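First the structure, in the form of structure tokens, and then the observations on it.
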2 protein chains.
Amino acid sequence: MQADNRLPRYQRLRDELVAMIAARHWRPGEAIPTEQALAKSYDVAVGTVRKAVDLLVAEGMLERFQGRGTFVRRASFDSSLFRFFRFQTKQGERRIPESRILRREVVEAPSAVAAALQIAPNARVIRLSRLRLIDDVPMLAEEIWLPFDRFEAFARLPIDGIGDLLYPVYEAECNQVIASATETLTVEAIGPLHARLLRIEPGTPTVVIERLAYGYDRHPLEWRRSRGPASEFIYQAEIR
Amino acid sequence: MQADNRLPRYQRLRDELVAMIAARHWRPGEAIPTEQALAKSYDVAVGTVRKAVDLLVAEGMLERFQGRGTFVRRASFDSSLFRFFRFQTKQGERRIPESRILRREVVEAPSAVAAALQIAPNARVIRLSRLRLIDDVPMLAEEIWLPFDRFEAFARLPIDGIGDLLYPVYEAECNQVIASATETLTVEAIGPLHARLLRIEPGTPTVVIERLAYGYDRHPLEWRRSRGPASEFIYQAEIR
DNA sequence: TAGTGGTCTAGACCACCGC
DNA sequence: CGGTGGTCTAGACCACTAC
């Protein structure tokens, strides 16, 4: 198994580093070997190692600290909600919303979900219905889908032992690490079901965020759809 | 005028290159000197030049072409609308919407506009009201504000000689080059005035895009607010 | 073919961290 | 203090472009 020799060395090295992370040989939070050590063991110059690491730092997979070392970055999605919504407490704080899991069931995957998760149609999936609240006010209604075979342990967890953030649970209980995700935003008038959950009028404009989350190996692990009132929505972008 | 000696050389060099671009010594579309030449004239190693240029390429200010040279990038905002909307023709093409300027006037800047453009309150500004259409169907209603002193020539242009894109006109007629911008998106129920322009029902959810556009020297040059139907809105993001 | 950016090397010295 | 990443140099060779 030899990588394509036509690619630059720093590219091939980058790919090998990714493979080590994907294989959980180096785990999130841990330091990878020093640049000198990597240069020696992969038989390239230190400058080449630096360039490969530069790429992964830019991709958000590694984090460098002068004098300490280079570490596998733990993806933090906590701030993702704040990227799109101005949610805050009455005191103006921003904190992670409380989670209330309304329902958990194992079902056959609807075809759209199966396609997104790249599993067989009608394969079993875990379906989670969840409400996220700040100061007891519902802010987001979420549906979450997980492939059953990878997340079997999750289906058996006592439901009220699950905290506000799911990704640490995936990691601890199912050995599945979320590394990245793509999100698609649209605006819809909310249906009666979700309107009741969010305690707003049916037909109120809501922002729908569809997120497909991947492991380090770019295999899709979770699909979710979140809805929040459009009045709370705000997004900022840099254009060049 | 000596830059801070504590900054790395590649950082100082980057700043000097930006200054050359901001001063229009090197203009958009033109090549800057070769890496060898820059290394010689700034008395640093080629590797240091490369790192400075790397930064500006990442920032979108320069563009490299192997074998040809390094060029000052002309910011292209044409695709910015497509970043947020699924606008397309009946044939499914994506092209730049037609522009129809409804009104152009010189007024005193409202305080919010003056603050955004960093000009004196009540300083004169050019206010443009514009409609953007695809297949004669209105897609976006825009208000655009320009500081009068920089864009005086624009106020005198025959209004139907102005094409679908404004930024090339700013450059050709006013010597003002837009280099970057920040956009803020929110969702609002549309008011009766804009509803009539867009030929939709008052109260329909619309996405409001506020854009502040800057020159290479980061000085604000244009402020605009665009409204489009939320039903056409779609946005995709990568999360890490 | 001459000139451009792209890759890669080898090594020096600096700034910062933790012990 | 030793070890880490950060900066900078100098030079070789490659790949691509324009003429």
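Quick note: numbers below take in every heavy atom, side chains included, and nothing from hydrogens, waters or symmetry partners. This one's a predicted model, so the numbers in the text were calculated from it and none came from an experiment. Chain naming here is simple, since letters A, B, ... match the order of the sequence lines and numbering starts at 1 in each.
- The phosphate of C/dT9 (OP1 or OP2) has a side-chain N or O of A/Thr48 nearer than 4.0 angstrom.
- Scanning residues 51-71 of chain A for heavy-atom distances under 4.0 Å to DNA chain C yields A/Lys51, A/Gln66, A/Gly67, A/Arg68.
- Residues from residues 31-38 of chain A with heavy atoms under 4.0 angstrom of DNA chain C: there are none.
- B/Arg50 places its CZ atom 15 Å from the P atom of D/dT9, with the value rounded to the nearest Å.
- Between B/Leu7 atom CG and D/dG6 atom P the separation is 16 Å, expressed in whole Å.
- Between the side chains of A/Tyr170 and A/Glu222, at least one donor N or O sits under 3.5 Å from an acceptor N or O.
- Remark: B/Arg225 engages B/Glu210 in a salt bridge, criterion side-chain N to carboxylate O under 4.0 Å.
- Using a 3.5 Å distance cut-off with no hydrogens or angles, the side chains of B/Arg130 and B/Ser226 do not pair a donor with an acceptor.
- No contact: B/Val46 has no heavy atom under 4.0 Å from any strand.
- Between B/Leu13 atom CG and D/dT7 atom P there is a gap of 14 Å when expressed in whole angstrom units.
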What do the steps show when you test A/Leu166 against A/Leu128 for side-chain contact (heavy atoms from CB on, under 4.5 Å), and what is the final call?
-> CA-CA 11 Å; A/Leu166 292 177; A/Leu128 220 60; 4.0 Å; yes
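- Within the structure, a side-chain polar atom (N or O) of B/Arg9 is placed less than 4.0 Å from OP1 or OP2 of D/dT9.
- The side chain of B/Tyr10 places no N or O atom within less than 4.0 Å of a non-bridging phosphate oxygen (OP1 or OP2) of D/dC8.
- Atom NZ of B/Lys40 is separated from atom P of C/dT4 by 12 Å (rounded to the nearest Å).
- Salt bridge present: B/Glu35 and B/Arg50 bring a charged side-chain N and a carboxylate O closer than 4.0 Å.
- A/Tyr42 has its OH atom 16 Å from the P atom of C/dC8, to the nearest Å.
- In this model, no donor atom of one side chain and acceptor atom of the other lie less than 3.5 Å apart for A/Thr70 and A/Arg64.
- Nearest heavy atoms, B/Ala155 versus B/Phe148: CB-CE1, 4.0 Å.
- In this structure, A/Arg156 fails the cation-pi test against A/Phe154, since its NZ or CZ atom is not both closer than 6.0 Å to the six-membered ring centre and inside 45 degrees of the ring normal.
- Counting only distance, with no hydrogens or angles, the side chain of B/Arg132 and the backbone of B/Leu140 share no donor-acceptor pair below 3.5 Å.
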